[in-house]
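Positions are given from 1 along the sequence.
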Amino acid sequence: MALHATAFSFTGVSTSSKASRTSLLSVFPAPRRCTVKAASQYPPSIPRCKIQGRALPSDNGPLEKDESSLVVCFGEMLIDFVPTTSGLSLAEAPAFKKAPGGAPANVAVGISRLGGSSAFIGKVGEDEFGYMLAEILKENNVNSDGMRFDPGARTALAFVTLRKDGEREFMFYRNPSADMLLQEDELDLELIRKAKVFHYGSISLITEPCKSAHIAAAKAAKDAGVILSYDPNLRLPLWPSAESAREGILSIWDTADIIKISEEEISFLTQGEDPYDDNVVRKLYHPNLKLLLVTEGPEGCRYYTKVSFKDVDFSGRVKGIKVDAVDTTGAGDAFVAGILSQLASDVSLLQDEGKLRDALSFANACGALTVMERGAIPALPTKEVVLNALLKSDA
């Protein structure tokens, strides 16, 4: 079914019948035509970010943070709808909890909650969900100067099913959603260049114009000497095919300084090879990579690194904290927030295995605590909570 650019597509479910279309439109009506320029549509209660390439006065919350350790996160921010009852299909779920999400935005909020300095660059719809997400960044003291609003496309939605084991299945509404429409000339390059770390995923590589914006942003960061952090965050239903997903993810692989992948992503990228075999993982290690991290859920993580100027390398495993999983949404993002918050304040951990292991223990705890609540951003922990959890696990 061909949909207008401002409508949502329902990935994985047929909506070809008239009844289905009517049902969907009753829940998600087509957006009204907007004849007023975006800048004048901005509600006064929302933090004033840059819209459609135009700068408005910013308000990033009352807290002052050290921008010398700034982590800029690039990509999507959206609304996750999570069933209130686990173990049911979407059709069986009696109700859904609305939760802000989107991997790069989760990382930005996670870093701020941990006491770090973070910013988000991306695009949302000029709609109530978009305004809500902007407000959430403000509430969490995330710099939103790089956020844009699109008057012609909706904020992305994702319905997330939770199996009994807490694992997820996704269904997306984006055809296209606003995050896909960020343009290169809307980038805040000054914000990118002053970052210590520039973090991104692969979803922003799927379609233009966001793909070109992503590549330009990463190049600006690289040219400025910023550390590049990459979490592919594979969402196969969003790609045209498995092969295009593999090619897209690997197309920017060799530019990253730090890469975080899951066991499933290793199998996918190596076309079925054993993700627990160190030799298989080492195939993904490119010459300029400083740190490769493999997350293993409740088991913790593995790390692989090479300190070229010392001609040594080290690798190992750091155990995780066992908890009762309610919803694994955002666990990987919380882990990334944990390690990047540590790295941004002390880059030397890349050369010191003891420091690195301590930072990864911290990151593992961040991920574990996040799965104990529903939704991603609502479940992200504070530094105090993480440190308390680590003390209890060591007792």
Just jot down the side-chain contact (heavy atoms from CB on, under 4.5 Å) partners of [X], sequence neighbours excluded, or say none.
X: V385; value: L369, P381, T382
X: A379; value: T370, E373
X: A221; value: I192, F198, V226, L228
X: P94; value: T84, T85, L88

Within a strict 4.5 Å, meaning less than it, do heavy atoms of the [X] and [Y] side chains meet?
X: F268; Y: L236; answer: yes
X: I79; Y: K98; answer: yes
X: Y276; Y: I266; answer: no
X: P104; Y: M77; answer: no
X: Y303; Y: E353; answer: yes
X: T255; Y: I252; answer: yes
X: Q183; Y: R148; answer: no
X: I121; Y: M147; answer: no

Between the main-chain N or O of [Y] and the side-chain N or O of [X], is there a donor-acceptor pair closer than 3.5 Å?
X: D127; Y: T155; answer: yes
X: W253; Y: L284; answer: yes
X: D352; Y: S348; answer: no
X: S118; Y: V142; answer: no
X: N364; Y: V318; answer: yes
X: S69; Y: S345; answer: no
X: S251; Y: G248; answer: yes
X: Q342; Y: I339; answer: no
X: S202; Y: P232; answer: yes
X: E265; Y: S262; answer: yes

Least distance between heavy atoms, [X] atom then [Y] atom:
X: A119; Y: L191; value: CB-CD2, 3.9 Å
X: G338; Y: C366; value: CA-SG, 3.9 Å
X: E273; Y: S267; value: O-OG, 3.6 Å
X: F149; Y: G125; value: CD2-O, 3.6 Å
X: L234; Y: I249; value: CD1-CD1, 3.8 Å
X: L291; Y: Y285; value: N-OH, 4.0 Å

To the nearest 0.5 Å, what is the distance between [atom1] on [X] and [atom2] on [Y]?
X: R246; Y: T270; atom1: CZ; atom2: OG1; value: 8.5 Å
X: D150; Y: E126; atom1: CG; atom2: CD; value: 8.5 Å
X: S144; Y: F120; atom1: OG; atom2: CZ; value: 10.0 Å
X: S89; Y: M171; atom1: OG; atom2: CE; value: 9.0 Å
X: F172; Y: D80; atom1: CZ; atom2: CG; value: 8.0 Å
X: D145; Y: N143; atom1: CG; atom2: CG; value: 4.0 Å

Report the residues that fulfil salt bridge (Lys or Arg N to Asp or Glu O under 4.0 Å) with [X], sequence neighbours left out, ordered by chain and then residue number.
X: K383; value: none
X: R193; value: none
X: K194; value: E67
X: K219; value: D223

Going hydrophobic residue to hydrophobic residue with side-chain gaps under 4.5 angstrom, can you get from [X] over to [Y]?
X: L78; Y: W239; answer: no
X: V107; Y: L343; answer: yes
X: F335; Y: L350; answer: yes
X: M180; Y: V124; answer: no

Quiz prompt | Among I259, D333, I261, L293, the one residue meeting side chain to side chain contact (heavy atoms under 4.5 Å, CB included) with D231 | solution = D333
Exercise. Could you pull out all residues at least two apart from D278 that satisfy side-chain hydrogen bond (donor to acceptor under 3.5 Å, both in side chains)?
Key: Y304
Self-check item: side-chain hydrogen bond (donor to acceptor under 3.5 Å, both in side chains) partners of E296, counting only residues at least two apart
Solution: R302, R317
Self-check item: side chain to side chain donor-acceptor pair (under 3.5 Å) pairs, two or more places apart, involving residues 205-214
Solution: S204-H214, E208-S212
Quiz item: Could you walk me through whether E76 and K123 pass the salt bridge (charged side-chain N to carboxylate O under 4.0 Å, His left out) check?
Solution: CA-CA 7 Å; E76 68 278 4; K123 202 173 206 183; over 6 Å; no
Exercise. May I ask you to decide whether R282 forms a salt bridge with D277, counting only side-chain N to carboxylate O separations under 4.0 Å?
Key: no
Quiz item: ring pair (Phe, Tyr, Trp, His ring centres under 6.0 Å) with F96: which residues, sequence neighbours excluded?
Solution: F159
Exercise. List the steps and the verdict of side-chain contact (heavy atoms from CB on, under 4.5 Å) for R174 and D179.
Key: CA-CA 9 Å; R174 55 198 310 265; D179 61 287; 2.9 Å; yes
Quiz item: So with a 6.0 Å cut-off around CD of E384, is the heavy-atom count from everything else above 12?
Solution: no
Quiz item: Above 12 or not: heavy atoms from other molecules or residues under 6.0 Å from CG of D254?
Solution: yes
